[in-house]
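So that the names make sense, note that chain A is the first sequence line, chain B the second, and so on, each numbered from 1.
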There are 2 protein chains.
Amino acid sequence: MAYLDRQTATHGDGLSESARSERAWSEFTASNRVKRLALTEHEAVFFEGDRAERLFEITDGAVMLYKLLPDGRRQVVEILGEGSLFGLQASDLYDCSAETLTPVRLRAIDRHDLEAIPDLLGHINQCLLGQLQTMHDHAVLLGRKSAFERVTSFLMRFVPKRGEVGCAGPAKDGPDEKVVVLAMTRQEIADYLGLTIETVSRVFSDLRRRGLIAAEKHDRVRILDICGLCKLTGTH
Amino acid sequence: MAYLDRQTATHGDGLSESARSERAWSEFTASNRVKRLALTEHEAVFFEGDRAERLFEITDGAVMLYKLLPDGRRQVVEILGEGSLFGLQASDLYDCSAETLTPVRLRAIDRHDLEAIPDLLGHINQCLLGQLQTMHDHAVLLGRKSAFERVTSFLMRFVPKRGEVGCAGPAKDGPDEKVVVLAMTRQEIADYLGLTIETVSRVFSDLRRRGLIAAEKHDRVRILDICGLCKLTGTH
DNA sequence: CGCGATTTTGATAATGTTCAACAGTAGTGG
DNA sequence: CCACTACTGTTGAACATTATCAAAATCGCG
């Protein structure tokens with residue numbers, strides 16, 4: 001199952017993105033200009049400022065992109081799951097660093113080889129549009145949402161088909177639950193949400209006290225009332 | 001002169017973007033499937049949720065994209081200048097609203113006509129990459145910067161060639177000045193920076209007291225010490 | 001000049017941060 | 001298996017920054 005169901009589900013126009021991607025990459029894979037690599041969790045893929053010679057597609061797992069300020073403040077700018085592209089730049093240097101969150105399998109391709117395969121362009125476009133739209137939502141979160149809304153919005157990311165435009169609501173029968181694997185430390189979550197670890201921790205505790213979530217492990221949460229959580233995101 | 005020099009200057013790989021754009025649009029313009037429109041300031045181009053049937057390129061002027069939360073909170077997610085594209089969506093609805101900041105000239109094209117002109121794809125890609133990179137920087141601003149850093153970063157956006165990687169520094173002779181036209185109300189600036197109008201106003205006043213800027217008009221500022229301002233952005 | 005709108009300034013309140021202590025968890029080695 | 005350690009996460013109290021509310025000042029314009 002994809003790390004971020006929502007992320008990969010957003011773009012859709014008839015043909016599924018993964019199918020489009022496969023078709024686009026196929027001739028490439030054959031030409032063995034595509035390198036495959038496997039990384040464990042919390043491994044760096046590249047650093048901000050490195051020469052951007054390759055771009056990557058996530059075959060499996062999750063990757064975060066982050067930027068650092070000179071005094072050490074960090075902002076995680078994107079969290080990417082299966083099917084997402086990263087490392088493609090407008091300039092010739094990476095504008096942010098990339099690090100795995102989980103064990104990850106990647107396909108890498110030299111940026112110069114890109115021009116040879118115009119087929120990929122459409123797929124890349126679709127990917128970038130999805131990422132841009134996600135960034136818009138994230139800007140709203142960072143610029144206008146409270147700590148509570150940020151954390152609950154973050155949790156709702158992991159619940160596919162809920163909190164979207166035409167949300168079906170909870171199933172009539174049975175509880176409105178889901179177990180969610182965050183695969184991120186408190187520090188990473190805080191840096192993604194523009195908060196401190198303490199604030200993130202406090203919100204989690206509060207949600208637990210209110211009976212909206214239950215802790216399975218530190219990075220594993222059981223959401224007990226998806227609808228209730230959704231109402232706290234500020235989006236609805 | 002472009003509204004946002006920085007914005008349009010970022011992407012560059014040999015051929016200038018405006019030249020690439022011209023070439024890409026040329027056959028299109030001829031086919032008169034391109035509609036041109038001119039708008040005055042503070043006119044809506046489209047609203048979030050409208051069917052995304054057309055995309056736009058800014059020939060001249062500036063446009064902002066924003067999103068609203070149901071309780072009325074607003075986040076301006078992008079500010080776009082000459083040469084920028086907007087209105088292209090992954091899904092079939094606009095994910096945010098678009099409004100002009102200045103008088104604007106646009107080229108509009110039906111999204112279905114896009115597929116007919118693969119030439120445009122490369123240009124669109126380059127545009128999207130630039131926008132995504134700008135969003136990364138903006139996420140850092142929203143997630144990790146203080147009110148002071150946000151406002152000073154905002155002002156530095158309008159000073160081309162300064163505050164970049166290889167900043168030349170001030171010219172040896174003469175003052176390190178520049179008059180900047182914001183073309184935005186305090187409310188718009190606040191909504192872009194994730195602050196309130198009062199906080200924005202206070203920071204401006206403080207910068208004035210410190211002798212870093214001088215007010216020409218409300219939306220017109222003379223930066224008196226570009227280097228000094230740059231040091232307050234948190235980026236350097 | 002005078003009206004309405006925007007901006008600025010001031011006082012107070014709220015939210016989130018910081019700093020510090022404590023608790024839980026996993027990993028290591030006797 | 002348990003004690004020890006290091007790390008991550010939690011909780012509390014004081015503090016800082018920014019928001020909120022209210023009022024005054026300024027600007028644009030007829």
Students should find that the nucleotides of DNA chain D closing off the region near chain A, any atom under 4.0 angstrom from a heavy atom, are D/dG9 to D/dA13
Whole-Å gap separating [atom2] ([N]) and [atom1] ([X]):
X	N	atom1	atom2	result
A/Phe148	C/dT17	CZ	P	14 Å
B/Glu188	C/dT6	CD	C1'	12 Å
A/Asp191	C/dT17	CG	C1'	14 Å
A/His218	C/dG24	NE2	P	10 Å
B/Lys217	C/dT8	NZ	P	14 Å
B/Gln187	C/dT8	CD	C1'	14 Å
A/Ile189	C/dG16	CD1	P	17 Å
B/Leu207	C/dT8	CG	C1'	14 Å

For the residue pair A/Asp191 and A/Gln187, confirm or rule out a side-chain donor-acceptor distance under 3.5 Å.
yes
Is a donor from one side chain sitting under 3.5 angstrom from an acceptor on the other, for B/Thr40 and B/Glu43?
yes
In residues 64-71 of chain B, what residues come within less than 4.0 Å of DNA chain D, judged by heavy atoms?
none
What residues form a side-chain hydrogen bond (donor to acceptor under 3.5 Å, both in side chains) with [X], not counting sequence neighbours?
X	result
A/Arg202	none
A/Thr199	A/Thr196
A/Arg222	A/Glu177, A/Glu216
A/Asp95	A/Gln89, B/His136

On a heavy-atom basis, which atom in B/Phe204 and which in B/Val221 lie closest, and how many Å separate them?
CE2-CG2, 4.1 Å
Specify the closest pair of heavy atoms between B/Leu101 and B/Glu188, including all atoms of both residues, with the distance to one decimal.
CD2-OE1, 3.7 Å
Evaluate whether atom CZ of B/Arg210 has more than 12 neighbouring non-hydrogen atoms of other residues, nucleotides or ligands under 6.0 angstrom away.
yes
Distance in Å, B/Thr134 OG1 paired with B/Arg157 CZ, rounded so as to fall on 0.5 Å steps
6.5 Å
Could I get the full list of ring pair (Phe, Tyr, Trp, His ring centres under 6.0 Å) partners for B/Tyr94, not counting sequence neighbours?
B/Phe46
Atom pairs and distances, side-chain donor-acceptor, residues 48-55 of chain B, under 3.5 Å, sequence neighbours left out:
residue, atom, partner, partner atom, Å
B/Asp50, OD2, B/Phe47, N, 3.0
B/Arg51, NH2, B/Asp92, OD2, 3.2

Could you tell me, to 10°, how much the axis swings from one end of the helix from C/dC1-D/dG30 to C/dG30-D/dC1 to the other, five pairs per end?
40°
Set of salt bridge (Lys or Arg N to Asp or Glu O under 4.0 Å) partners for A/Arg186, sequence neighbours left out
none
Taking distance alone, no hydrogens or angles, what donor-acceptor pairs closer than 3.5 Å link side-chain atoms of residues 227-235 of chain A to residues at least two apart or in another chain?
residue, atom, partner, partner atom, Å
A/Thr233, OG1, A/Cys230, O, 2.8
A/Thr233, OG1, A/Thr235, N, 3.3
A/Thr235, OG1, A/Lys145, NZ, 2.8

Mind listing the N/O atom pairs, protein and nucleotides 9-13 of chain C, below 3.5 Å?
residue, atom, partner, partner atom, Å
C/dT9, OP2, B/Ser205, OG, 2.2
C/dG10, N7, B/Arg202, NH1, 2.9
C/dG10, O6, B/Arg202, NH2, 3.2

Heavy-atom nearest nucleotide on DNA chain C for A/Lys145 versus B/Phe204: which residue maps closer to 5'?
B/Phe204
